[in-house]
Amino acid sequence: MIDIKFPDGTVRQYNKGINSMEIATSISEGLARNVLSAKFNGKVQDALLPINESGEIQLLTWNDEEGKATMWHSSAHLLAEAIEQLYPGTKFGIGPNIENGFYYDMDLGETVITLDDLVIIEKKMIELIQQKQNFIRSQVTKTAALEYFTKKGDEYKVELITDLPDGEITFYKCGEFTDLCRGPHLPNTAQIKAIKLLSVAGAYWRGDEKRKQLTRIYGITFPKKALLDEYLAFLEEAKKRDHRKLGKELELFTFSNRVGLGLPLWLPKGAQLRQRLEDYLKKVQKEAGYLPVITPHIGSKELYVTSGHYAKYGADSFRPITTPNEGEVFMLKPMNCPHHCEIYRSSPKSYRDLPYRLAEFGTVYRYEQSGELHGLTRVRSFTQDDAHIFCSAEQVKDEFKSVIDIVLRIFTALDFKNFITQISVRDPKTPEKYIGSDENWEKAEREIIEVAQEKGLEYIVVEGEAAFYGPKMDFMVRDAIGRKWQLGTIQVDYNLPERFDLDYVGADNQKHRPVMIHRAPFGSMERFVAVLIEHCAGKFPLWLTPEQVKILPISEKYIDYAEKVLTYLNKYDIRALIDHRNEKTGRKIRDAELERVPYMIIVGEDEENNNNLSVRQQGGVDLGQMSMEDFASIISKEVEKMA
RNA sequence: GCUAUUGUAGCUCAGGGGUAGAGCACUUCCUUGGUAAGGAAGAGGUCAUGAGUUCAAAUCUCAUCAAUAGCUCCA
């Protein structure tokens, strides 16, 4: 007998060799139906794997992330099985579960899969589900595994196996399809009740753009049909929040091919919104001791050779600009830091001048690959809310912390709750990608991690994501569809001060090298606004929204009174407009709702006689009649609240 | 940049080898209204661009450009 301990602390005895599914059955049939896999002594495994020793068990269902992962991983196998039947001879790459579903990469030769084909593949998968196939686990030697896939002609699997360490290799067989796989898997395909293949795309084998591009099919499955419907409805809702769609509808920004790819044009309403964000940050920065500076949009090529940007990105930049007579070479500014270094150098600095904080809303230009451009989140011309803090080594941590405070203050003000703090460090395997000494890098990486701990931030550390001149702390936020975007960034840099030979005179009357902190709380105004739009679905906070109030006269007879109300509100800096159109009130309300105007004021005979207003809040809340004074004070208070 | 899909009116989309369609938006007129679409009339498009096939191309073919999804990249 073995002792099995459950998460609630109870212990039950079972015969040696029992599996998790049987354990579940011993508790209840209902539980057994829902078990997808199990965690035994901390390791996720098949529900049908025999258990031969005492230990702790957790039965995994759809409500556990690992349970979902098991279903999706098995679904990937099911997809491959369907593909193998429909397209014999297909070679398979990898087919993992992902955050929302799964994909499988495969080489279909000349065959092209279209969206129509996905429906056919789905049908085949449903057919296979109905056959109630078991996932059968087996262990083979590496030699036997290589032999199997060599014979099958699947060079991708052969490559994967070759890279595995010597020893036993696990196979899973589902129907006629056998795959190399660590598992775990579902006991049976019948546990999958709903399937949706979402998209088909190309993906480089092993993520290497020099290697062959395989066909990738994305899909998702559920243990209940209703859950699939729910998910599809969620995707539909997310589409409505897409900043590209809302940006057009709310007239915030546009693009024109006559101007160029990835070069955003801010429309009046979008520009207003952006300027309010900028003004807010300017105020915060003024309080925090930043000094505003302004630098040109181009800079001598030599400047970027000095900074190292030219060696790193020169080939991928917009082509340099050359003056007609002298033949001098300039680059479009891809970064503000070299310019700010030159500002630092413009006069001798003493330790008394530090920290020296230079801030600029600096527009930069980067040649992003055409396939990367995406609305406002990835563009070729964007404005960083950039600043560079030059400080002594002793000041780094305090400065870094106060920058974190600014980032968090902004995120709080805009209600960004679900952000991820990511610390990006070097990839030790590719030292050639970075400039500067190991010693400087280690110091900078250590300091960032210490600061994060001292500030009590929850963070993840990702190797290989550092900038070429230093490690960084990024604040990532998800868009409507769940894609992650980097917004705020803070970077510690010991390298550029050396390259630009920056110094200051210390209290000891000796020259010292300052440390630089690059930071941008919004990151880029373009990307930040994009994510903000998706976060609030176009319903901006009152202090930011371009149009706060729409005045709706019941009929043309009350336009004069509406004008009087407008004049009053303007005195309080309330942004209001009158809907002069010859339309019924219901229509004016509908259009104001679609424009996401936070407050609608309705004025007609009653209001004119009482010298007051009827107020409707966005979304249909009727606040009733009130005086102009009261209304102005409600608005002013709500606006002040955020500061 | 790569793979796939898409490109028809300002917007959302239907159609499809033989005279270009709808709804919304727009203009004018009627209507003067009470919390999410009042009524009528009108105007608006070389069907992304270029070539090819054809008696005839918006429709079929190819190329180019652009958008979308994903991959790769992201100072």
Side-chain angles (χ1 to χ4, degrees), chain A residues 103 105 108 112-117 198-218 239 242 244-245 248-249 251 254-257 261 304 307-314 316-317 333-338 364-375 377-380 382 384 386 433 435 465-470 472 481 483 485-486 489 491 493 496 518 520 524 527 552-559 582-594 600-607 614-625:
Chain A
Y103 66 78
D105 284 349
L108 288 139
V112 171
I113 302 280
T114 65
L115 289 176
D116 295 336
D117 296 327
L198 295 162
S199 63
V200 51
Y204 299 109
W205 171 234
R206 303 197 119 178
D208 184 344
E209 65 178 325
K210 291 184 194 71
R211 305 197 65 178
K212 187 163 179 179
Q213 202 163 49
L214 307 179
T215 302
R216 172 175 297 181
I217 296 178
Y218 284 91
K239 262 193 222 162
D242 190 313
R244 292 165 300 183
K245 184 175 155 66
K248 197 182 275 178
E249 286 173 8
E251 300 175 328
T254 190
F255 289 89
S256 159
N257 288 329
L261 294 193
Y304 302 106
S307 71
H309 287 96
Y310 188 79
K312 180 80 180 162
Y313 295 105
D316 302 323
S317 295
K333 176 166 76 173
M335 285 294 286
N336 302 302
C337 33
V364 296
Y365 303 87
R366 298 179 184 174
Y367 174 78
E368 304 287 2
Q369 299 183 106
S370 60
E372 267 315 322
L373 300 172
H374 182 95
T377 48
R378 196 79 185 268
V379 286
R380 287 178 171 171
F382 59 95
Q384 295 178 314
D386 212 357
K433 283 166 70 178
I435 59 168
E465 290 293 307
F468 72 92
Y469 49 76
K472 52 183 186 162
I481 329 170
R483 284 182 285 218
W485 296 100
Q486 176 202 313
T489 181
Q491 310 174 359
D493 182 0
L496 287 189
H518 308 240
S524 104
R527 180 176 289 177
L552 314 178
I554 293 285
S555 84
E556 286 171 359
K557 286 189 240 160
Y558 310 105
I559 286 184
N582 179 6
E583 291 290 350
K584 289 191 163 186
T585 311
R587 178 52 175 278
K588 291 180 181 178
I589 287 171
R590 176 185 152 81
D591 289 345
E593 285 284 352
L594 290 176
M600 283 149 254
I601 285 179
I602 293 143
V603 289
E605 196 178 350
D606 286 358
E607 290 77 9
S614 285
V615 182
R616 177 194 160 110
Q617 212 169 9
Q618 183 187 51
V621 184
D622 189 350
L623 300 182
Q625 293 198 6

In plain terms, say whether A:Asp105 and A:Arg216 are close enough for a salt bridge, that is, a side-chain N and a carboxylate O under 4.0 Å apart. yes

Rounding to an integer number of Å, can you tell me how far [X] [atom1] sits from [N] [atom2]?
{"X": "A:Phe255", "N": "B:rC11", "atom1": "CZ", "atom2": "P", "answer": "15 Å"}
{"X": "A:Lys312", "N": "B:rA75", "atom1": "NZ", "atom2": "C1'", "answer": "9 Å"}
{"X": "A:Asp386", "N": "B:rA75", "atom1": "CG", "atom2": "C1'", "answer": "11 Å"}
{"X": "A:Leu373", "N": "B:rC65", "atom1": "CG", "atom2": "P", "answer": "14 Å"}
{"X": "A:Trp205", "N": "B:rU3", "atom1": "CH2", "atom2": "C1'", "answer": "17 Å"}
{"X": "A:Gln369", "N": "B:rC74", "atom1": "CD", "atom2": "P", "answer": "9 Å"}
{"X": "A:Leu552", "N": "B:rA36", "atom1": "CG", "atom2": "P", "answer": "11 Å"}
{"X": "A:Arg216", "N": "B:rC2", "atom1": "CZ", "atom2": "P", "answer": "19 Å"}

For [N], does OP1 or OP2 lie under 4.0 Å from any side-chain N or O of [X]?
{"X": "A:Lys557", "N": "B:rG33", "answer": "yes"}
{"X": "A:Arg483", "N": "B:rA69", "answer": "yes"}
{"X": "A:Arg244", "N": "B:rA69", "answer": "yes"}
{"X": "A:Arg211", "N": "B:rC2", "answer": "no"}
{"X": "A:Arg616", "N": "B:rG34", "answer": "no"}
{"X": "A:Ser370", "N": "B:rG1", "answer": "yes"}

When the [atom1] atoms of [N] and [M] are considered, how many whole Å apart are they?
{"N": "B:rC24", "M": "B:rG42", "atom1": "P", "value": "15 Å"}
{"N": "B:rG50", "M": "B:rA66", "atom1": "C1'", "value": "15 Å"}
{"N": "B:rA14", "M": "B:rA37", "atom1": "P", "value": "26 Å"}

Any base atoms under 4.0 Å from [X], or only sugar-phosphate, or nothing? Heavy atoms, all strands.
{"X": "A:Lys588", "answer": "nothing"}
{"X": "A:Gly586", "answer": "sugar-phosphate"}
{"X": "A:Ser614", "answer": "base"}
{"X": "A:Glu249", "answer": "nothing"}
{"X": "A:Leu261", "answer": "sugar-phosphate"}
{"X": "A:Gln486", "answer": "nothing"}

Taking donor-acceptor contacts at under 3.5 Å, does the side chain of [X] reach the base of [N]?
{"X": "A:Glu368", "N": "B:rC74", "value": "no"}
{"X": "A:Glu607", "N": "B:rG34", "value": "yes"}
{"X": "A:Asn582", "N": "B:rG33", "value": "yes"}
{"X": "A:Arg378", "N": "B:rC73", "value": "yes"}
{"X": "A:Tyr367", "N": "B:rG1", "value": "no"}

Of the listed nucleotides ([options]), which one gets closest to any side-chain atom of [X]?
{"X": "A:His309", "options": "B:rA69, B:rA75, B:rA36", "result": "B:rA75"}
{"X": "A:Thr114", "options": "B:rG1, B:rU5, B:rA75", "result": "B:rU5"}
{"X": "A:His374", "options": "B:rC11, B:rA69, B:rC74", "result": "B:rA69"}
{"X": "A:Val112", "options": "B:rA75, B:rU32, B:rA4", "result": "B:rA4"}
{"X": "A:Ser555", "options": "B:rC74, B:rG38, B:rU32", "result": "B:rU32"}
{"X": "A:Asn257", "options": "B:rC30, B:rA36, B:rA66", "result": "B:rA66"}
{"X": "A:Ala467", "options": "B:rG33, B:rA75, B:rU3", "result": "B:rA75"}

Here's a test of your reading of the structure: between A:Ala201 and A:Ile602, which maps to the more 5' nucleotide of RNA chain B? A:Ile602

Go nucleotide by nucleotide along RNA chain B from the 5' end; which of A:Val615 and A:Tyr204 gets its closest nucleotide reached first? A:Tyr204

Under 30°, 30 to 60°, or over 60°: which ring-plane class applies to A:Phe468 and A:His309, parallel, tilted or perpendicular? perpendicular

Taking the side chain from A:Lys588 and the backbone from A:Pro553, do they hold a donor-acceptor pair closer than 3.5 Å? yes

Test item: A:Arg378 side-chain N/O and A:Leu373 main-chain N/O as donor-acceptor pair under 3.5 Å: no

How about [X] and [Y]: do any of their side-chain heavy atoms sit closer than 4.5 Å?
{"X": "A:Val615", "Y": "A:Met600", "answer": "no"}
{"X": "A:Tyr204", "Y": "A:Lys210", "answer": "no"}
{"X": "A:Tyr365", "Y": "A:Pro334", "answer": "no"}

Pairwise distance CD(A:Gln384) to SG(A:Cys337) - rounded to 0.5 angstrom: 8.0 Å

A:Tyr218 on top of B:rG70's base, within under 5.5 Å and under 30°? no

